[in-house]
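Data block below; observations after.
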Protein chains: 4
Amino acid sequence: MNTLGLALRISTFGESHGAGIGCVIDGLPAGLKIDEEFIYSEMQRRTPGRNIFSTQRKESDRVEILSGVFESHSTGAPIALWIANQNQKSSDYKEIQNIFRPSHADWTYQHKYNIRDYRGGGRASARESAARVAAGAIAKLLLQEIGIEFQSGIFSIGETCTEERDFTFAKTSEIYALDSKIEESFKKEILQAKNNHDSIGAGAEIRALKVPLGLGEPLYHKLDAQLAAALMGLNGVKAVEIGTGTNVAKMRGSVHNDSILPHGFSSNHSGGILGGISNGDTLVVRIYFKPTPSIFLPQQTLNSKLEPVEFSLKGRHDPCIGIRGVVVAESLVALVLADMAILNLHSQLSAFKQFYNSIHNPFSGGKI
Amino acid sequence: MNTLGLALRISTFGESHGAGIGCVIDGLPAGLKIDEEFIYSEMQRRTPGRNIFSTQRKESDRVEILSGVFESHSTGAPIALWIANQNQKSSDYKEIQNIFRPSHADWTYQHKYNIRDYRGGGRASARESAARVAAGAIAKLLLQEIGIEFQSGIFSIGETCTEERDFTFAKTSEIYALDSKIEESFKKEILQAKNNHDSIGAGAEIRALKVPLGLGEPLYHKLDAQLAAALMGLNGVKAVEIGTGTNVAKMRGSVHNDSILPHGFSSNHSGGILGGISNGDTLVVRIYFKPTPSIFLPQQTLNSKLEPVEFSLKGRHDPCIGIRGVVVAESLVALVLADMAILNLHSQLSAFKQFYNSIHNPFSGGKI
Amino acid sequence: MNTLGLALRISTFGESHGAGIGCVIDGLPAGLKIDEEFIYSEMQRRTPGRNIFSTQRKESDRVEILSGVFESHSTGAPIALWIANQNQKSSDYKEIQNIFRPSHADWTYQHKYNIRDYRGGGRASARESAARVAAGAIAKLLLQEIGIEFQSGIFSIGETCTEERDFTFAKTSEIYALDSKIEESFKKEILQAKNNHDSIGAGAEIRALKVPLGLGEPLYHKLDAQLAAALMGLNGVKAVEIGTGTNVAKMRGSVHNDSILPHGFSSNHSGGILGGISNGDTLVVRIYFKPTPSIFLPQQTLNSKLEPVEFSLKGRHDPCIGIRGVVVAESLVALVLADMAILNLHSQLSAFKQFYNSIHNPFSGGKI
Amino acid sequence: MNTLGLALRISTFGESHGAGIGCVIDGLPAGLKIDEEFIYSEMQRRTPGRNIFSTQRKESDRVEILSGVFESHSTGAPIALWIANQNQKSSDYKEIQNIFRPSHADWTYQHKYNIRDYRGGGRASARESAARVAAGAIAKLLLQEIGIEFQSGIFSIGETCTEERDFTFAKTSEIYALDSKIEESFKKEILQAKNNHDSIGAGAEIRALKVPLGLGEPLYHKLDAQLAAALMGLNGVKAVEIGTGTNVAKMRGSVHNDSILPHGFSSNHSGGILGGISNGDTLVVRIYFKPTPSIFLPQQTLNSKLEPVEFSLKGRHDPCIGIRGVVVAESLVALVLADMAILNLHSQLSAFKQFYNSIHNPFSGGKI
């Protein structure tokens with residue numbers, strides 16, 4: 001149950017304050033060049049401690065490749081990645097050992113499993129998402145081979161929201177803001193929350209460009225369904241939209257339908273997906289992050305004896321999980337697309353025959 | 001890829017204008033009483049042609065049980081359900097054989113598979129959702145055994161929206177409206193669209209009550225992720241929200257966090273899920289349906305030779321797919337919960353031991 | 001759990017004395033011509049009642065295609081097959097309702113599920129294998145497209161055994177005997193057992209020719225592992241051998257190793273599989289069927305009150321399940337190979353790139 | 001595809017001469033005490049270099065637990081195990097870089113993936129089986145909780161074979177021989193082969209005692225099918241038998257059928273499985289190992305340019321892979337049984353209800 005994907009599968013393991021976080025990638029075609037520099041650059045986008053808008057916890061986030069790569073290329077064997085933990089302060093968590101932090105997974109893990117690694121949230125910590133970014137980087141390397149590109153950024157923080165989608169600006173913004181004119185307001189929202197010992201929510205958009213027509217497996221592994229599962233499964237995400245999203249409910253069909261014109265679709269309300277299959281247009285997904293549940297203001301909860309207690313958290317936390325979360329989300333979109341791109345190889349008999357017709361008989365006039 | 005679920009799996013088959021729609025349910029525990037009356041009553045809630053707000057196409061929607069039930073109880077073998085098609089007018093579709101209807105799956109199916117059963121949308125038709133309701137009814141029978149209850153209804157149609165959640169009223173409303181005071185406005189929105197040969201979108205909410213604490217399999221089959229996949233995979237759904245949904249992005253942690261008090265949670269922004277696991281509170285999910293893509297107004301598209309054409313659809317279509325769609329959505333929520341409820345049996349060693357301790361040795365002082 | 005296969009999946013349903021036996025085939029590439037005549041001819045090879053060496057029960061075994069085929073070609077949607085039951089005499093089974101037949105599944109189904117469809121063995125009946133043959137026929141149609149051929153036959157019945165492998169003769173032999181000189185002895189073994197109200201075991205070999213190099217997914221879905229699972233899961237099979245099989249234990253490496261020569265392998269002890277992957281040589285599998293557990297001689301068992309009883313079975317049974325079983329086994333080998341052939345499309349980056357490079361952009365200089 | 005199991009899943013990674021071998025165990029119930037001493041003792045049974053009958057390669061085989069265990073108990077999170085490689089001599093393999101060793105996976109990996117980690121056989125090396133033993137140890141810890149016990153040993157080496165099954169002796173025998181009177185002959189067979197620079201095959205039997213009635217998921221994940229897949233997937237295994245195995249083909253039903261008597265079965269030809277479900281009797285499985293393909297005698301093969309070459313292997317190899325292989329096989333049987341034991345929790349409605357009835361509402365008279 002710790003595995004994402006059907007043809008390209010990632011299985012992660014590890015806890016926030018254990019030895020590290022790992023990931024096994026299975027199903028990657030052999031022969032892909034594994035560019036460790038690129039993996040590093042992706043990891044840097046998610047890594048904490050880079051500025052005042054994220055937690056001051058430092059994580060080296062160095063990715064070690066344990067298997068599946070030979071002479072810099074994938075071999076078809078599973079690729080295991082390992083990110084050792086560093087700079088954990090388990091002592092920060094001693095005091096929460098016996099309480100259930102509101103809006104955290106403490107309560108549910110304890111009751112589901114009757115045992116809980118309380119150190120830093122254990123398995124439920126966003127620390128695990130480092131593995132998703134590392135694996136997502138490899139998915140991106142695969143998708144780059146067929147021209148797919150990714151864009152992402154933050155369009156809302158708290159009450160501040162923008163319609164602008166300046167993905168070029170977002171790439172260089174400390175907070176991945178999609179609008180250079182609004183970035184300051186975004187930062188203000190974050191810092192105000194932080195200074196109030198509070199936290200704040202955020203909205204993010206991810207796009208994939210040049211997605212080939214045909215990705216997605218109807219009826220129960222549609223592209224939008226797979227994206228929704230991957231993204232809703234990301235810590236703190238409480239809503240997922242494809243294309244026009246919630247606003248479709250207000251529209252009439254004559255407005256919503258994307259006409260098909262000789263040069264392409266007249267609009268993209270569908271977000272690049274029709275009938276659960278990519279239609280060749282840009283993939284557009286939006287997600288909404290709840291405010292970080294770890295706040296320093298006093299809160300009411302129960303302790304492990306189910307007695308009411310008031311407590312205040314300590315430690316180092318992101319005031320807005322959406323900022324680093326959007327990087328993880330983009331990685332997840334890449335993982336889903338890579339998975340669907342591999343599965344799509346099955347769709348037509350002609351591709352099946354073409355593949356086997358191209359297989360060379362290695363024997364010289366032999367019996368095979 | 002036509003299978004939903006991990007422990008309780010439904011696999012559907014069939015097309016809109018083929019022989020019928022079928023469903024195989026695998027993984028249902030043996031010994032469940034299969035109440036055919038209940039299945040019938042659930043089917044009636046989705047069935048078209050009951051009033052002017054849905055398509056005038058008639059479907060008998062009689063569910064035949066082909067296997068897996070013996071003396072009215074599940075046997076542990078797969079249960080196959082069959083809903084024969086009736087009243088199809090394939091002739092309605094001859095004229096769309098060579099065009100790609102906008103916002104339909106015609107375009108993507110044709111390009112993915114290079115062959116397309118154009119009759120009534122074929123496999124992509126919402127007709128398939130009849131199987132989901134039939135299977136969902138059986139999931140509900142299982143969940144009734146442990147006390148879970150369902151509620152659902154429509155909270156928005158077009159520009160009209162309500163905050164009211166009168167699920168009791170919704171049960172008897174022709175259009176499953178959640179607000180008796182707004183029902184007429186909802187109907188007006190639908191009929192205006194319909195009279196303009198257009199269609200309209202809708203928003204729906206589904207709740208599950210008395211969900212046990214502990215359902216959901218982190219990290220990659222979290223309860224919210226599974227719900228999002230199932231619901232985003234439903235025809236026409238473009239957004240899924242859990243709990244407070246998109247609005248969490250505007251909130252601060254001090255407002256959003258649900259305090260844990262001796263008698264329960266102080267609020268339910270989480271929608272009953274923490275860390276991907278049910279927290280014991282009411283499950284709250286909202287979805288947003290796009291307007292029916294089949295409209296009678298003229299539209300621009302390409303034909304199968306990729307030439308631009310203008311066309312107007314004929315036939316019988318729901319002016320608002322959300323109405324009947326909410327019934328399917330409720331069924332999908334039941335299927336996901338049943339699946340997660342079965343998987344949750346694995347969680348603790350104590351349950352494993354208790355189960356095997358209770359197994360009786362049938363031999364009298366025998367060697368086993 | 002009623003599903004076989006990873007990329008090409010068959011899910012069967014139905015019981016011996018229920019409405020019929022069905023099968024859903026999911027994952028078949030679109031565009032395959034579905035030759036119903038061929039399916040019929042395959043079904044005839046397994047059908048009972050054709051001669052005195054099989055049960056006198058008649059089954060029409062007509063396969064109805066319920067979905068997934070449009071204008072005689074697969075569409076990419078699931079193909080459902082239905083074989084209605086006929087000529088059941090459930091009355092034959094009333095008397096076994098309350099006893100556990102030795103070497104049958106009565107005992108284990110009752111204790112696993114606490115409910116049992118006793119009529120004709122219910123789900124555990126070999127009747128279900130009709131669906132495997134129907135699905136196997138479709139797998140063969142796919143594999144014919146890349147040149148794979150199948151051979152099979154019986155090499156031992158009771159104490160009579162042959163080293164001959166005359167697959168051409170076996171095709172026309174009533175009992176699929178692999179040796180025209182031994183066929184009569186085989187028949188004598190069967191009839192002697194039958195006349196003694198007893199039954200007899202059998203050994204069968206299945207070969208696949210022209211299997212492409214590269215099928216099989218190491219390390220946990222190796223080709224030999226998948227074949228072993230499929231074949232050991234066939235009713236009555238108690239042993240599976242690949243290549244030289246059990247005899248390898250007696251050999252030295254210098255004898256067993258198949259040298260690789262310019263024109264092919266010097267021998268085929270490996271049975272066409274190395275490291276779990278097809279090596280391009282002929283695939284060779286042998287299986288061993290237990291004698292039919294349904295015999296007419298008196299037997300000792302327990303009744304449902306766990307009291308000892310002596311009983312004698314009535315009804316119509318094959319005296320040697322291996323005869324019709326070898327046809328099912330060949331179908332299973334085809335299903336496994338088809339599944340592995342589809343999965344193998346994932347193996348190399350070059351195939352992945354070639355596929356996506358060949359996708360045509362349908363828009364004229366458009367934005368996609 | 002590097003994953004074994006359905007409910008309890010192990011995914012392995014790593015190559016013979018890479019950084020190490022790893023394993024992720026997912027689906028283990030929370031609360032199991034993880035006894036590292038026991039894991040160590042199991043590893044020692046497989047470890048090479050202990051005597052003259054195995055390779056002289058030393059592997060420390062120290063198992064490091066990277067995740068999923070907290071205060072010595074499983075938490076429900078995936079358990080990652082890591083066994084670092086040591087003492088590899090990659091130089092031994094330089095010379096085989098450009099040849100395909102007969103009866104090895106070199107040929108098939110190269111053609112399937114078009115890239116090959118030739119060092120020590122890479123992913124195809126039996127080195128990977130260390131991970132299976134480590135995971136199998138944890139499966140045994142789970143099964144010990146419900147009383148299941150394991151036995152195994154070698155019953156044939158080359159032409160020497162025994163009917164004796166002295167599992168107590170086998171535990172202490174250097175070569176796991178099942179017969180103290182034949183052990184010397186077994187050793188002679190091995191040493192003669194070794195001294196001739198050759199290798200030898202072996203037959204092994206594994207038993208599981210006190211297996212509860214009801215394990216196995218018909219029809220396509222029967223207990224015997226799952227065992228056959230796991231065992232045939234083990235390096236060098238070419239045949240799998242359940243119960244009486246190949247000999248059933250010679251028998252009549254009246255001899256083969258195991259009568260059910262008040263104190264148990266009269267015999268165990270079925271090997272403890274009926275209809276794919278454990279019947280409560282002892283599970284009996286036999287497997288046959290081919291001789292080690294790595295021999296030092298000169299052999300014919302092709303090089304990477306497909307030219308014929310004669311070569312002689314160097315390095316350190318087991319003269320009989322069956323000896324250490326039987327330990328791995330026992331581990332695989334444990335993994336399959338643990339998987340099936342967890343899945344069997346789903347079988348009956350009564351267990352489902354009992355589980356949820358036992359869940360405590362943590363709130364005091366609260367709304368949940």
Side-chain angles (χ1 to χ4, degrees), chain A residues 6-8 26-33 73-74 76-78 142-143 145-148 209-214 217-219 260-265 272 279-282 341-368, chain C residues 6-8 26-33 73-74 76-78 142-143 145-148 209-214 217-219 260-265 272 279-282 341-368:
Chain A
L6 299 161
L8 182 69
D26 199 6
L28 191 71
L32 181 68
K33 182 147 202 300
H73 288 77
S74 64
L142 179 70
L143 296 173
E145 297 278 341
I146 57 172
I148 297 178
L209 289 81
K210 302 182 188 162
V211 177
L213 226 168
E217 300 296 319
L219 287 180
I260 314 179
L261 305 180
H263 286 63
F265 295 97
N279 67 3
D281 209 338
T282 297
I342 294 173
L343 277 177
N344 188 41
L345 298 175
H346 304 180
S347 301
Q348 291 186 26
L349 180 65
S350 58
F352 180 82
K353 289 175 70 172
Q354 184 183 5
F355 177 86
Y356 283 104
N357 285 337
S358 75
I359 288 185
H360 178 63
N361 174 355
F363 290 120
S364 54
K367 63 177 179 177
I368 296 176
Chain C
L6 299 161
L8 182 69
D26 199 5
L28 191 71
L32 180 68
K33 181 146 203 298
H73 288 76
S74 64
L142 178 70
L143 296 174
E145 297 278 340
I146 58 172
I148 297 178
L209 289 81
K210 301 180 188 162
V211 177
L213 228 168
E217 299 298 318
L219 288 180
I260 314 181
L261 305 179
H263 286 64
F265 295 97
N279 67 3
D281 208 339
T282 297
I342 294 172
L343 277 176
N344 188 41
L345 298 174
H346 304 179
S347 302
Q348 292 186 25
L349 179 65
S350 58
F352 181 82
K353 288 175 71 171
Q354 184 183 4
F355 177 86
Y356 284 104
N357 285 337
S358 74
I359 289 185
H360 177 64
N361 173 355
F363 291 120
S364 54
K367 63 178 180 176
I368 295 177

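Residue numbering restarts at 1 for every chain, and letters A, B, ... go by the order of the sequence lines. Only this structure's heavy atoms are used, side chains among them; waters, hydrogens and symmetry mates stay out.
Of the two parts of Ile146(A), only the side chain, counted from C-beta on, holds a non-hydrogen atom closer than 4.5 Å to a non-hydrogen atom of chain C. With a 4.5 Å cut-off on non-hydrogen atoms, Glu217(A) does not touch chain C at all. For Leu261(A), the part lying near chain C is the backbone, with the side chain staying farther off; criterion is any non-hydrogen pair under 4.5 Å.
Between chain A and the residues Pro212(C), Ala7(C), Ala341(C), Pro218(C), the most heavy-atom pairs under 4.5 angstrom are made by Ala341(C). Each of Gly27(C), Ser358(C), Pro29(C) has some count of heavy-atom pairs under 4.5 Å with chain A, and the biggest count is that of Pro29(C). Interface check for chain C: of the options Leu142(A), Leu28(A), Leu6(A), Leu32(A), the most heavy-atom pairs under 4.5 Å are formed by Leu142(A).
Between Phe265(A) and Phe363(C), the ring planes lie perpendicular to each other; the angle is over 60°, past the 30° to 60° tilted range.
Here the CG atom belonging to Asn344(A) is positioned 9.0 Å from the CZ atom belonging to Phe352(C), to the nearest 0.5 angstrom. Atom CD1 of Ile342(C) and atom CG of Leu343(A) lie 11.0 Å apart (nearest 0.5 Å). Atom OH of Tyr356(C) sits about 9.0 Å away from atom CG of Leu143(A), to the nearest 0.5 Å.
Not counting sequence neighbours, the partners of Lys353(C) by the side-chain contact (heavy atoms from CB on, under 4.5 Å) test are Glu145(A), Leu349(C), Asn357(C).
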